[in-house]
Amino acid sequence: MERYYQPEIECASREQIKAWQDERLVKQVRHVWDNVPYYRKKMEEKGLTPDDIRSSDDLHKLPFVTKADLREAYPYGLVAKPLKECVRIQSTSGTTGKRVVAFYTQHDIDLWEDCCARAIMAAGGTDEDVCQVSYGYGLFTGGPGLNGGSHKVGCLTIPTSSGNTERQIMFIKDLSATILCCTPSYAAYIGETMKEMGLTPDQIPLKAGIFGAEAWSEEMRQDIQNTLGIKAYDIYGLTELSGPGVSFECSAQSGMHVNEDHFIAEIIDPDTGEVLPEGTKGELVFTSITKEAFPLLRYRTRDICMLTREKCSCGRTHVKMCKPMGRSDDMLIIRGVNVFPSQIETVLLNHGYPANYQIIVDRVKNTDTLDVQVEMTPEMFTDNMGEIAKRQKELVDGLRSMLGLAAKVTLVAPKTIVRSEGKAVRVIDKRKI
Ligand code: DLL
């Protein structure tokens, strides 16, 4: 039986959703025009006033907002409410020097938690469930967002945050956690550790996982589902737009419903900025139509994606986005060929390897090199050099047919590649240094 947190919204007619979007967009444009000089200037540069935006059909007229705008406006330049009405900030990790600080009113937090509650119920969650939130708490949005959603559903919430994997497993077992929320790479690590402890899927009380914050392949989903004996659901979001819960997967497990009553999604050509028709691959752009403190109009996410309005078996009517295929700024260009780390992951997992790998790109004598290091599983581990060479060649061939590129593959011993408790770092591009 499909469960909904807000059925009248999640299953609303397309006409109703469009009506909400029309009304809220017009209001939002007026709000930023009145309260954010940065937006007013950008609109004036395009010769626009709020009167030019009469419905969501006029969305394409508005200028884009990019990460560069956010950086320029840091910290308060895009805040649309007096600070005394703001109650919280969240922030990205800033490991790539791109720290973003987003502001929330209490109303913003309320709506964000609703979005996360929708995701938990879509994964089968109810107030009978015990939900362990193993995303990081603090500035990162993962922990606070799912924590709030879990409360709204009425689950017993275990706020473990990330890290201390043995303690995570102790809580899952002792408190019979039924839902696990964390990054997919941390879920895989928890699963691996459980296996080492001799736990089989039927001894693990979990039934569902809500995993996101980084790209993960279908193959990785299968692996996690098998190891933990659960159904694994994807969840997407970004700090700029609130955090997790911009979109989430339902029982169909075939793409994520965008919460269209709060966010309008578009796909654009990243080079020209032109809006692309449904079903075309391009850059995902979002407009937040209900955010009060930190509204973003046409924010370019850099995530490469596709949208579909095909009818979904779950009964939800909101548009679905596919798993992001990578970020336009994560895409590697190696010897002129476009390579997404997710394509490499697919080849490795299809050959039976675990998702413990690292991609090292370098430039030697003016030529790019691609070195993929991947762990053997304990079962396949051997010191027979002939066997290792044969396996490496299989992967080299698999990568060549997927990417059209020669790669070097090095098989390494189990447990050599460092595990991640949050977002995994898969790529080391030495060319930039
Ligand atoms: O990662 C928010 C989040 C927390 C989402 C917990 C889901 C679960 P940021 O740190 O701002 O926010 O990173 C946002 O992460 O633009 C995508 O590139 C990537 N991302 C997030 N979710 C997914 C996903 C959080 N399900 C950036 N699949 C986004 C692929 C994802 N990439």
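In this chain, numbering begins with 1 at the start of the sequence shown. Computed from heavy atoms alone, side chains included, the values below leave out hydrogens, waters and symmetry copies. Both counts, for ligands and for their atoms, begin at 1 and track the order of listing.
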*Asks:* Regarding ligand 1, does Met256 bring an N or O atom to under 3.5 Å of one of the ligand's N or O atoms?
*Replies:* no
*Asks:* How does Leu238 reach ligand 1, if at all, at less than 4.0 Å between non-hydrogen atoms: by side chain, backbone, both, or neither?
*Replies:* both
*Asks:* How does Pro324 reach ligand 1, if at all, at less than 4.0 Å between non-hydrogen atoms: by side chain, backbone, both, or neither?
*Replies:* side chain
*Asks:* With nothing but distance in play, are any N or O atoms of Asp303 less than 3.5 Å from an N or O of ligand 1?
*Replies:* yes
*Asks:* What do we get for Lys423 next to ligand 1 when only non-hydrogen atoms under 4.0 Å count, side chain, backbone, both or neither?
*Replies:* side chain
*Asks:* Phe294 ring centre to Lys81 NZ or CZ under 6.0 Å, with the angle to the axis within 45°?
*Replies:* no
*Asks:* Of Asp261, Asn259, Leu111, which meets side chain to side chain contact (heavy atoms under 4.5 Å, CB included) against Thr290?
*Replies:* Leu111
*Asks:* Do any nitrogen or oxygen atoms of Ile235 lie less than 3.5 angstrom from nitrogen or oxygen atoms of ligand 1?
*Replies:* yes
*Asks:* Among residues at least two apart in sequence or on other chains, which ones pass ring pair (Phe, Tyr, Trp, His ring centres under 6.0 Å) with Phe140?
*Replies:* none
*Asks:* Tell me which part of Thr239 gets within contact of ligand 1: side chain, backbone, both or neither, using heavy atoms under 4.0 Å.
*Replies:* both
*Asks:* Of all the atoms in ligand 1, which lie at a distance below 4.0 Å from a heavy atom belonging to Asp234?
*Replies:* 24 (C), 26 (N)
*Asks:* Taking the ring of Tyr186 and the ring of Tyr135, is the distance between their centroids below 6.0 Å?
*Replies:* no
